[in-house]
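Ligands are counted one by one from 1 in listed order, and the atoms in each one are counted from 1 as well.
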Amino acid sequence: MTNAIRPQPGIENIKLYKGGESRLAGHDRVLKLSSNENPLGPPPVAIDAIRSAAESVHLYPSTDHAELRTAIGEINGLDPNRVICGVGSDEVLQMVTQAYAGIGDEVIHTEHGFSLYPVLIHMTGATPICVAEKERVVDVDAVLDAISERTRVILITNPGNPTGTILPNPELTRLVEGVPENVVLVLDGAYTEYAEGFDGGMSHARNRMNVLMTRTFSKIYGLGGLRIGWGYGCQEMIETLTRIRQPFNLSTVQLSAAEAAVRDREWVAACSELNAEQRARLTGAIRQLGISCDESSTNFVLARFTDAVEAAAANAALQENGIIVRAVAGYGFPEGLRITVGDAEQTGRVIAALTRWRETA
Ligand SMILES: *Cc1c(COP(=O)(O)O)cnc(C)c1O
């Protein structure tokens, strides 16, 4: 028997996305610092909302997400009609690439951008154009230079993952102003709440017809397992994305939990404060051990060792201590380990393990 069926162009080019590991053989008290999850877990108000929502799961969920969009609008000072909610921000990123790019088009992303982007671009049949970064920061000139007649969408992670770096606001403005009006610029702000003095690109999305900001409940809101994210753009773009959004993409449980979480401002304040403290401590300790580490605007740091061999040795030492971090060779950093910032005790474990490794190596 021969197989005559063929997937659409692009699909065979997709390399499967790899998530962070969560298991280590021989360890039962594993500390998972590989997926940038919130060490404090989900906010208690969200857990209560999930419990109450469980009572009504025989009913179909809202298709317009009005209550969640209203809450997001109120808290962030946005017009709820310009907000779209998705199954993680991943789905919003998928909707925008699918809506605006296809076979024969080009979609730009940067060297160390989110590893999901090439997957999403190939799904549409478009060609990914990967642009180099400069000293681990998005290079605005290089992105602008890469724009061609065929460019339809540009995907920018800011702050970056796995770099943790952020484009200074004036640079971001220069990027926004340099992108032609017929090209969609997506600002993926998954880590916005951890970046002091940054609005995630909200003001640009407010003022420009071609800018979409994406945000998530997976990081500071501690709801990664529930899969909720959102996007903010001009009303026409949101209406376009809504046409291809599944009408029941978000469950009653997701909608209720996200609404409770977004209204819990104290939670965000407490989590970002803890993160800033422990991030400074971890960054300082890593540098003290002679390992390179940029200033991070996220809830992780990128430790850069001398080379891939040294990074592998440090990774092995962490694993011996039951700590899982992310090896980021696949993101262009064979010499790097991305370490999620945990709470005080967890950060202490990481520092102790790295210090012991340095002393014995
Ligand atoms: C974690 C992350 C997201 C969020 O994805 P969700 O689908 O909302 O869980 C988006 N972009 C980047 C760069 C991320 O690191």
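- Using a 4.0 angstrom heavy-atom cutoff, A190 counts as in contact with ligand 1.
- When only non-hydrogen protein atoms are considered, atom 11 (N) of ligand 1 lies nearest to D188 OD2, 2.7 Å.
- Using a 4.0 Å cut-off between a side-chain N of Lys or Arg and a carboxylate O of Asp or Glu, E12 and R6 do not qualify as a salt bridge.
- In terms of protein heavy-atom proximity, atom 1 (C) of ligand 1 is closest to K219 NZ, 1.3 Å.
- A distance-only check finds a donor-acceptor pair linking the side chain of H112 to the backbone of Y331 [under 3.5 Å].
- Protein heavy atom in closest approach to atom 5 (O) of ligand 1: D90 OD1, 3.1 Å.
- Salt bridge absent: E277 and R281 never bring a charged side-chain N and a carboxylate O closer than 4.0 Å.
- Using a 4.0 Å cut-off between a side-chain N of Lys or Arg and a carboxylate O of Asp or Glu, E171 and K134 do not qualify as a salt bridge.
- Remark: R338 is positioned above the aromatic ring of F300, its terminal NZ or CZ atom under 6.0 angstrom from the ring centre and at most 45 degrees off the axis.
- Residue Y117 has no nitrogen or oxygen atom sitting less than 3.5 Å from a nitrogen or oxygen atom of ligand 1, judged on distance alone.
- With hydrogens left out, the protein atom closest to atom 15 (O) of ligand 1 is Y191 OH, 2.6 Å, a heavy atom.
- Ring geometry for F114 versus Y117: interplanar angle over 60°, hence perpendicular rather than tilted (30 to 60°).
- Nearest to atom 4 (C) of ligand 1 among the protein's heavy atoms is S89 OG, 3.2 Å.
- Ring centroid separation for the pair W357 and F305 comes in under the 6.0 Å cut-off.
- For ligand 1, the atoms lying closer than 4.0 Å to a non-hydrogen atom of G88 are 6 (P), 7 (O), 8 (O).
- In this structure, E91 does not count as a contact residue of ligand 1, since none of its heavy atoms falls inside 4.0 Å of the ligand.
- Closest to atom 9 (O) of ligand 1 among all protein heavy atoms lies S218 OG, 2.6 Å.
- Considering backbone and side-chain N/O atoms, T157 never comes within less than 3.5 Å of an N/O atom of ligand 1.
- Atoms of ligand 1 found under 4.0 Å from any heavy atom of R227 (numbered from 1 in listed order, with element): 6 (P), 7 (O), 9 (O).
- Taking a cutoff of 4.0 Å between a charged side-chain nitrogen and a carboxylate oxygen, R227 and D90 qualify as a salt bridge.
- Using a 4.0 Å cut-off between charged nitrogen and carboxylate oxygen, E295 and R279 do not count as a salt-bridge pair.
- Residue contacts with ligand 1, taken as heavy atom pairs separated by less than 4.0 Å, involve N161 solely via side-chain atoms from C-beta onward.
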